[in-house]
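Residue numbers begin at 1 in each chain, while the letters A, B, ... track the order of the sequences.
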Number of protein chains: 2
Amino acid sequence: MKPRSRRSGGRPTIADVAKRAGVGAITVSRALREPERVSEDLRRQIARVVDELGYVPDPNARALASARADVIGVLVPSLTNNVFAEVVRGIYDGLDDSRLQIQLGNTHYSGLEEERLLRVFLSQRPSALVVSGIDQTPAARKLLEEAGCPVVQIMEIGPDPVDMMIGFSHFEGGRTVTRHLVDAGYRKIGFIGARMDPRSQRRLSGYRAVMERAGLFDPRLITTTTTPSSVSLGRELLRDALAKVPTLDAVFCNNDDLALGVLFECHRAAIDVPGKIGIAGFNDLDMTGVAFPSLTSLRTHRYEIGRRAISMVRATIAGERPEQPVVDLGFELKQRESTARTA
Amino acid sequence: MKPRSRRSGGRPTIADVAKRAGVGAITVSRALREPERVSEDLRRQIARVVDELGYVPDPNARALASARADVIGVLVPSLTNNVFAEVVRGIYDGLDDSRLQIQLGNTHYSGLEEERLLRVFLSQRPSALVVSGIDQTPAARKLLEEAGCPVVQIMEIGPDPVDMMIGFSHFEGGRTVTRHLVDAGYRKIGFIGARMDPRSQRRLSGYRAVMERAGLFDPRLITTTTTPSSVSLGRELLRDALAKVPTLDAVFCNNDDLALGVLFECHRAAIDVPGKIGIAGFNDLDMTGVAFPSLTSLRTHRYEIGRRAISMVRATIAGERPEQPVVDLGFELKQRESTARTA
DNA sequence: TTGTACGCGTTATCAA
DNA sequence: TTGATAACGCGTACAA
């Protein structure tokens, strides 16, 4: 028996399958990728040999020969932020059994890091690219435009997509929450924000728009930091906010982690919620509706965003480009006890 | 000018660099991978041309030629569980600038899915494999043993490593928390558990061991479900537990999500914590120490586990195999208000 | 320290 | 519908 080739470690190759099945290698290749282009007979024959030999195609050889890797590059700003963790879960679940692989990158909320990772990912000739947000650096934007593959910007929508987009308007989200607080009768409504990435900024803009229109705006009501968000930070920011404006009667928290921290601080300081202070969060995590009192929040559809981003990519790859390249998945205000002021 | 080759899309290849630099292709290859083996002069010369041309090596061609991809396959049971999200973050952070890439797989807590993904990953000849836990299926275990690359089992330690291991003993963790509750004077100590994956089971075993030894064990004190863990589930499980044992005076929660749900339910039902019921969690998430009252929990070092798993892999690849193939990172009991009974 | 010849496993191209 | 041939871009083996 001929010794196995030097490097393959004894793994059967497509040539082994072809020989044993008495066909050409290319026919095996086709039987695996486009079965409908191979006759019924050969297809069965080949399938049998593949099973017998335990043949598994080498994705690297495939990528080299076809100049296209079955890989979707995905760039997110954080892996631990529950919001993006759910996006990523949606992305993975959207793969089903599609032979596509995910190449995940963590940009740590840095545009430059995003740009760097984009270059790394691009070197593999990915089948598609998924990036978070719409604030790419000019260089990154150029890379995306010239990527030669479908691109989806997720989590936000905006006027100028590179290719496709799926998300929602954070500005409108900010407006919706703030309007709710105003309608609930709150007047000294503070804004508490951490990290202050572009999406947080736009939520703040929505807050500001509503407050100004209602004649309630006061810059001292805004308490933000670039520190990453956390529950404990929520506590501190509430204390800061109260120090500046002791008459504060509500807070719109940039996200639910902060909101939870604010709630705990209120418990600790024996501040009545929602009587003395109303609390609203953003994203509506699992815990938010369970808290006591339950927290008002804005439900966003991040799992769905991940899933549908992959659907759009797969459709595009299959040649069925979605008629709607920009999808607004919206959000849903969840009014709960934390802003239910008794009149 | 000669037309660009058919498929490469105009990207410069190693041959282009070699020609322009007036050297052989292999010298360029070496200059990039093992600079110390190329003379100072050529190295600089080549670096300049690489910059000029914007040459980026093709990882697929590299993997095909070397029969080894610069990829570490990582299998975790969940992407959204904060504990694993932090492990994954540690893994990514452990990469630094090492040219290694992560191939991430979500097993959804299924041994069969783990086995399937292992086969997929193996087809790429990864440089290393990282898997969660020590309960692989026999077939998966065999695949790992014959993988021909470093393997790290993370999150747990046990007697029979495939190769390397880093984590801690969940049994000991369960014992430590339970012993603390006993020492704090609680007697009717319930166990609340969700998902009940192997690690949860071992925590339960630790609980049981201590309770039996203290003569306090009663099967009715155990309330578990295979439903995935969540804050809301914590509420329900506490209600179930109290329905079974109204005299319950403490609960050891399988994880902090459940503990938070239990805390909220106590607030809602006006049950004094820690006076009437003591609460202890597991993992010590950020929120746990901030809650009101702050929750006792067991701090586990999952970020560190991820980071050091990659360190071990990198050391092994570099030929410096860690002298200690099994690393117990332990844990740390965080006693807080929720179990601080006033005597 | 550098280079030559060849092979890695697959798919694109073109012809039958 | 099928196949022969030539890439794909790089690293290994070996020689100089």
Between [X] and [N], does any side-chain N or O lie under 4.0 Å from OP1 or OP2?
X	N	answer
A:Arg37	D:dT1	no
B:Arg33	D:dT12	yes
B:Ser29	D:dG11	yes
A:Thr27	D:dT2	no
A:Thr13	C:dC8	no
A:Ser66	C:dT10	no

*Spacing of B:Arg68 atom CZ relative to C:dC8 atom C1', expressed in whole Å*: 14 Å
*Which of these nucleotides, D:dG3, D:dC8, D:dT2, is closest to any side-chain atom of A:Leu42?*
D:dT2
*A:Arg62 side chain: which of D:dT2, D:dC10, C:dT10 is closest?*
C:dT10
_With a 3.5 Å cut-off and heavy atoms only, can you find an N or O donor on one side and an acceptor on the other between the side chain of B:Arg30 and the base of C:dG3?_
yes
*Using 4.0 Å as the upper bound for N to carboxylate O, is an ion pair formed by B:Lys142 and B:Glu145?*
no
*If every non-hydrogen atom of B:Tyr109 is compared with every non-hydrogen atom of B:Ser78, which pair is closest and at what distance?*
CE1-CB, 3.7 Å
*Keeping to residues at least two apart or across chains, list the salt bridge (charged side-chain N to carboxylate O under 4.0 Å, His left out) pairs with something in residues 90-107 of chain A.*
A:Asp70-A:Arg99, A:Asp96-A:Arg314
*Measuring from A:Thr107:OG1 to A:Leu79:CG, what's the distance to the nearest 0.5 Å?*
9.5 Å
